[in-house]
Structures are given as structure tokens and as C-alpha cells.
Amino acid sequence: MRIGSGQTVKLLQGKNTKGFKSLISEFISDTEEYPDALNSPIDAFRAGAILEQVMYKYMPDEYLPQVRVVSRIYDVMTCTLDFAILKNNEVLEFKEMKSINFEDFL
């Protein structure tokens, strides 16, 4: 199971809420969901996906989009990096669109 921005809301809700219970159901399910942000009913998800597509056009060639990474410590935890450089299936460098200019805000 991947926990993304859509699941974070459910994760932070109380244990007895419908959202949290649906997150647990997703976690123990045998099928993995791959949400399609471009077809999301949430405007911010669609806008983010469009921005990622546009940004990818301007990234150096060695970057790959949407690289899925599995935790070495907890193999049930995965994430998807917006853009990453791989060597021998290891992430050498990555960029997350939300944090590229973060240092400018500090």
C-alpha cells in the first residue's frame, strides 16, 4: 500500500471514523490501488498531475518520472518519487515537485 496525499487525510482521522476504517481496509486488501490523479474529482490532484507532466518535459534526460520505492526496513511501505535518477535500481537523486524550491522559503 502506498500512502499518498489522498490517504494522509484518512490516516490522521480518529480510529473510529469511516475514513480511517476505509484506509485499514485498503491496507489489508490483496489488490493495490493506483489512483489516477488526472481523473480525480479533486482539482488540486488534477492540477498537480498536469504540473508534473509539464515539468518532466524540462527535466534532464537521466530523470525518470514516478519511480516507486519500497522501504528496506518495512517492505509494506512504498512511495512514489516525482522524479528520480537510478543506478543499479538504487535512487541516486530525486526531486519532489512540492519541495524543489523549499529552501527559498526558509
Side-chain angles (χ1 to χ4, degrees):
M1 172 183 193
R2 284 183 283 176
I3 297 201
S5 41
Q7 289 82 19
T8 303
V9 172
K10 295 175 183 177
L11 181 65
L12 296 175
Q13 293 175 354
K15 288 189 225 178
N16 296 320
T17 63
K18 190 186 271 187
F20 188 85
K21 289 176 182 176
S22 75
L23 179 67
I24 297 303
S25 294
E26 287 176 41
F27 184 73
I28 61 173
S29 171
D30 287 336
T31 59
E32 187 165 355
E33 301 267 334
Y34 293 97
D36 181 5
L38 284 174
N39 292 317
S40 172
I42 301 169
D43 293 339
F45 289 169
R46 286 193 315 276
I50 292 166
L51 287 171
E52 284 180 12
Q53 287 179 337
V54 171
M55 186 172 170
Y56 182 61
K57 292 178 184 179
Y58 299 96
M59 296 293 290
D61 289 342
E62 58 267 9
Y63 279 94
L64 299 172
Q66 298 299 308
V67 174
R68 184 174 180 204
V69 181
V70 178
S71 170
R72 287 187 188 126
I73 299 169
Y74 304 107
D75 64 354
V76 296
M77 298 182 77
T78 67
C79 69
T80 305
L81 303 172
D82 290 341
F83 311 102
I85 297 175
L86 300 179
K87 183 175 183 178
N88 299 326
N89 279 339
E90 293 288 323
V91 176
L92 294 181
E93 185 178 327
F94 70 93
K95 296 193 182 297
E96 280 294 309
M97 199 174 79
K98 294 177 270 315
S99 60
I100 286 176
N101 295 318
F102 185 72
E103 286 141 6
D104 294 343
F105 294 104
L106 298 177

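The first residue in the sequence is number 1, and the count goes up from there. All figures in this text were calculated on a predicted structure; none of them were measured in a lab.
A distance of 7.5 Å separates NZ of K95 from CE of M55, quoted to the nearest 0.5 Å.
Applying the 4.5 Å side-chain rule to ILVMFWY residues, one finds L64, V67, L81, L86, V91, F94 in the same cluster as V69.
Partners of S71 under the side-chain contact (heavy atoms from CB on, under 4.5 Å) rule, at least two apart in sequence or in another chain, are I73, Y74, M77. For D43, the salt bridge (Lys or Arg N to Asp or Glu O under 4.0 Å) test picks out R46, with sequence neighbours left out. Listed by chain and residue number, Y63 satisfy the side-chain hydrogen bond (donor to acceptor under 3.5 Å, both in side chains) test with E93 (two or more places apart in sequence, or in another chain). Remark: A47 engages no residue in a side-chain contact (heavy atoms from CB on, under 4.5 Å) (not counting sequence neighbours). Applying the side-chain contact (heavy atoms from CB on, under 4.5 Å) test to L92 and every residue at least two apart in sequence or in another chain returns I85, K87. Here Q13 pairs with T17 under the side-chain hydrogen bond (donor to acceptor under 3.5 Å, both in side chains) rule; sequence neighbours left out.
Minimum interatomic distance between E96 and D82 (heavy atoms only, all atoms of both residues): OE2-N, 2.8 Å. E52 and F83 get closest at one heavy-atom pair: O-CZ, 3.6 Å.
In terms of hydrophobic clustering, with Ile, Leu, Val, Met, Phe, Trp and Tyr side chains grouped at heavy-atom distances under 4.5 Å, Y56 and L51 are assigned to a common cluster.
Within the 4.5 Å cutoff, the side chain of S22 has heavy atoms near those of the K10 side chain. Under the 4.5 Å side-chain criterion, counting only non-hydrogen atoms from C-beta, I24 is in contact with F20.
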